[in-house]
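The chain is numbered in sequence order, starting from 1. Side chains included, hydrogens not; waters and symmetry mates left out as well; all remaining heavy atoms used.
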Amino acid sequence: MAPAADREGYWGPPTSTLEWCEENYAVSYYIAEFWNTVSNLIFILPPIYGAIRTYKDGLEKRYLAAYLCLTAVGLGSWCFHMTLKYEMQLLDELPMIYSCCVFVYCLYECFKYKNTVNYPMLFILITYSFIVSIVYLKLKQPVFHQIMYGTLVSVIVLRSVYIVLWVYPWLRGLGYTSLTVFLMGFFLWNVDNIFCEKLRALREKMPPVLGAVTQFHAWWHILTGLGSYLHILLSLYTRTLFLKHRPKVKSLEQHIPNFCCSTSCKNQEICHLEPISLAQISSEQFCRL
């Protein structure tokens with residue numbers, strides 16, 4: 001982890017239990033970790049669009065909740081990295097637990113009939129979130145949070161792999177892309193933590209623009225935000241296939257993949273699903289037979 005703040009800034013000395021490798025207040029007097037802050041836009045803007053599309057398409061409200069929870073993670077992380085205050089750290093870390101619980105519920109309820117509620121699973125996930133929150137507020141140990149978060153991510157990954165291997169194998173491209181992008185972010189998160197001193201020394205010798213490329217915690221935000229967004233698309237795709245709709249993953253302005261159902265797509269033709277690659281996600285449409 002990074003040492004104390006390199007410069008004084010608007011929000012005063014950090015009070016968080018974590019501090020990352022980016023030099024504090026190096027870019028702006030008002031933002032403690034500039035690149036770690038602005039990189040959260042990937043958590044905020046695409047999910048907001050996804051939530052709007054989900055609402056307009058009349059899809060199940062739990063997917064609206066999934067998008068909004070992802071947005072909440074981005075907003076909380078923005079506040080945390082902007083201020084490095086403990087209260088804002090909680091606003092970042094606890095929504096990570098809550099959003100993953102929503103993801104778990106959505107993914108494990110993909111193969112149920114409409115208008116059904118799995119109350120036992122809801123009880124388990126709410127209880128899990130409550131216990132993790134209480135214990136974390138008591139312990140204030142980031143490792144505990146990381147283990148609890150990693151547990152939920154593992155559950156999501158196992159279920160996703162099951163779906164793309166044995167239920168809808170033609171969704172492997174989307175599923176594996178989501179997982180690969182997320183794992184790339186996790187890898188860079190570890191690099192940022194382990195080699196922080198070397199990265200800081202390297203940035204001192206580089207122009208500021210090039211130095212920004214070595215802000216690997218910011219890359220963690222970008223890659224995990226994209227991976228989480230793609231995961232929601234996978235979950236939505238699986239659900240609507242089960243309900244015998246005609247789902248599509250198509251591009252928004254040739255860059256951001258988004259989801260639409262047969263009730264809202266402008267182009268209603270039926271086409272074949274093909275395996276989805278990372279390049280295809282950003283440029284092609286896919287429909288169900």
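Between L152 and C101, some side-chain heavy-atom pair lies under the 4.5 Å cut-off. A 4.5 Å side-chain heavy-atom check between K198 and L202 finds every atom pair outside the cut-off. A heavy-atom distance below 4.5 Å is not found between the side chains of I31 and V27. Side-chain atoms of E8 and Y25, non-hydrogen and from C-beta on, never get closer than 4.5 Å to each other. P207 has its side chain within reach of L210: a pair of non-hydrogen atoms, C-beta onward, lies under 4.5 Å apart. Contact of the Y55 side chain with the Y67 side chain is not registered, since no non-hydrogen atoms from C-beta on lie closer than 4.5 Å. No side-chain heavy atom of P169 sits less than 4.5 Å from a side-chain heavy atom of V164. Taking the side chain as every heavy atom from C-beta outward, E93 and Q146 never approach each other to under 4.5 Å.
Linking ILVMFWY side-chain heavy atoms closer than 4.5 Å, directly or via other members, places L158 and V102 in two distinct hydrophobic clusters. L223 and F182 fall within the same hydrophobic cluster, where Ile, Leu, Val, Met, Phe, Trp and Tyr residues are linked whenever their side-chain heavy atoms come under 4.5 Å apart, directly or through other members. Following chains of ILVMFWY side-chain contacts shorter than 4.5 Å, one can reach V143 starting from Y149, so the two form part of one hydrophobic cluster. With hydrophobic clusters built from ILVMFWY side chains whose heavy atoms lie under 4.5 angstrom apart, F187 shares a cluster with V157. Follow the hydrophobic side-chain contacts under 4.5 Å out from L90 and you reach M148 in the same cluster.
Between the side chain of D92 and the backbone N or O of F80, no donor-acceptor pair lies under 3.5 Å. With hydrogens and angles ignored, the 3.5 Å screen pairs a side-chain donor or acceptor of S39 with a backbone N or O of N36. Although no hydrogens or angles enter the test, the distance criterion places a donor-acceptor pair under 3.5 Å between the side chain of S99 and the main chain of M96. T214 contributes a side-chain N or O that, together with a main-chain N or O of G211, makes up a donor-acceptor pair within less than 3.5 Å. Side-chain atoms of R239 come within 3.5 Å of backbone N or O of K112 as a donor-acceptor pair. Side chain of Q89 to main chain of T17: a donor-acceptor pair is present (N/O by atom type, distance under 3.5 Å, no hydrogens or angles).
Here the shortest heavy-atom pairing between L233 and L174 reads C-CD2, 4.2 Å. Between Y63 and C110, the closest heavy-atom pair is OH-SG, 3.7 Å. What you find for I232 and L70 is that their closest heavy atoms are CD1-CD2, 4.1 Å. Residues G74 and N40 share a closest heavy-atom pair of O-CB, 3.6 Å. Annotation for I42 and P47: closest pair O-CD, 3.7 Å, computed over non-hydrogen atoms. Heavy atoms only, all atoms of each residue included: P46 and Y229 are closest at O-CE1, 3.4 Å.
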message: R203 vs Q215, test: side-chain contact (heavy atoms from CB on, under 4.5 Å). Steps then yes/no.
response: CA-CA 9 Å; R203 284 196 287 267; Q215 299 290 354; 3.4 Å; yes
query: Yes or no on side-chain contact (heavy atoms from CB on, under 4.5 Å) for M82 and M88, after CA distance, side-chain angles and deciding distance?
result: CA-CA 9 Å; M82 183 174 67; M88 299 299 105; over 6 Å; no
message: side-chain contact (heavy atoms from CB on, under 4.5 Å) for V155 and Y108? Distances and angles first, verdict last.
response: CA-CA 10 Å; V155 171; Y108 277 80; 3.5 Å; yes
From CA spacing to verdict: side-chain contact (heavy atoms from CB on, under 4.5 Å), L59, T240: CA-CA 9 Å; L59 301 175; T240 50; 4.3 Å; yes
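Among residue pairs with one or both ends in residues 115-141, those qualifying as ring pair (Phe, Tyr, Trp, His ring centres under 6.0 Å) are Y136-H145; sequence neighbours excluded.
Classified by interplanar angle (parallel below 30°, tilted 30° to 60°, perpendicular above 60°), the ring pair H231/F103 is tilted. In this pair, H217 and W220 present their aromatic rings tilted. The plane angle is within the 30 to 60° band.
A donor atom on one side chain and an acceptor atom on the other are found under 3.5 Å apart for Y98 and S133. For H81 and T37, the side-chain atoms include no donor-acceptor pair closer than 3.5 Å. Between N24 and E19, the side chains place a donor N or O and an acceptor N or O closer than 3.5 Å (distance only, hydrogens not considered).
Between K114 and E60 there is no salt bridge, since no side-chain nitrogen of the basic residue lies less than 4.0 Å from a carboxylate oxygen of the acidic one. For the pair R62 and E109, the salt-bridge criterion is not met [side-chain N within less than 4.0 Å of a carboxylate O]. Between K85 and E87 there is no salt bridge, since no side-chain nitrogen of the basic residue lies less than 4.0 Å from a carboxylate oxygen of the acidic one.
Considering CE of M121 and CD1 of I126, their distance stands at 12.0 Å, rounded to 0.5 Å. Atom CG of L91 and atom CG of L94 lie 8.5 Å apart (nearest 0.5 Å). L183 contributes atom CG, which lies 13.5 Å from atom CH2 of W189 (distance to the nearest 0.5 angstrom). Remark: L179 CG to I156 CD1 distance equals 11.0 Å, nearest 0.5 Å. Taking CG of L188 as the start and NE2 of H221 as the end, the distance is 12.0 Å to the nearest 0.5 Å. To the nearest 0.5 angstrom, L171 atom CG is 11.5 Å from L165 atom CG.
Screening F111, Y237, Y168 against F242 for a ring-ring contact (aromatic ring centres under 6.0 Å, His included) leaves a single residue, F111. Applying the side chain to side chain contact (heavy atoms under 4.5 Å, CB included) test between F43 and each of T224, I222, L75 identifies T224 as the sole match.
More than 12 heavy atoms of other residues, nucleotides or ligands shown are found within 6.0 angstrom of OH on Y86.
A cation-pi arrangement, defined by a distance under 6.0 Å to the six-membered ring centre and an angle within 45 degrees of its axis, is absent between K138 and F144.
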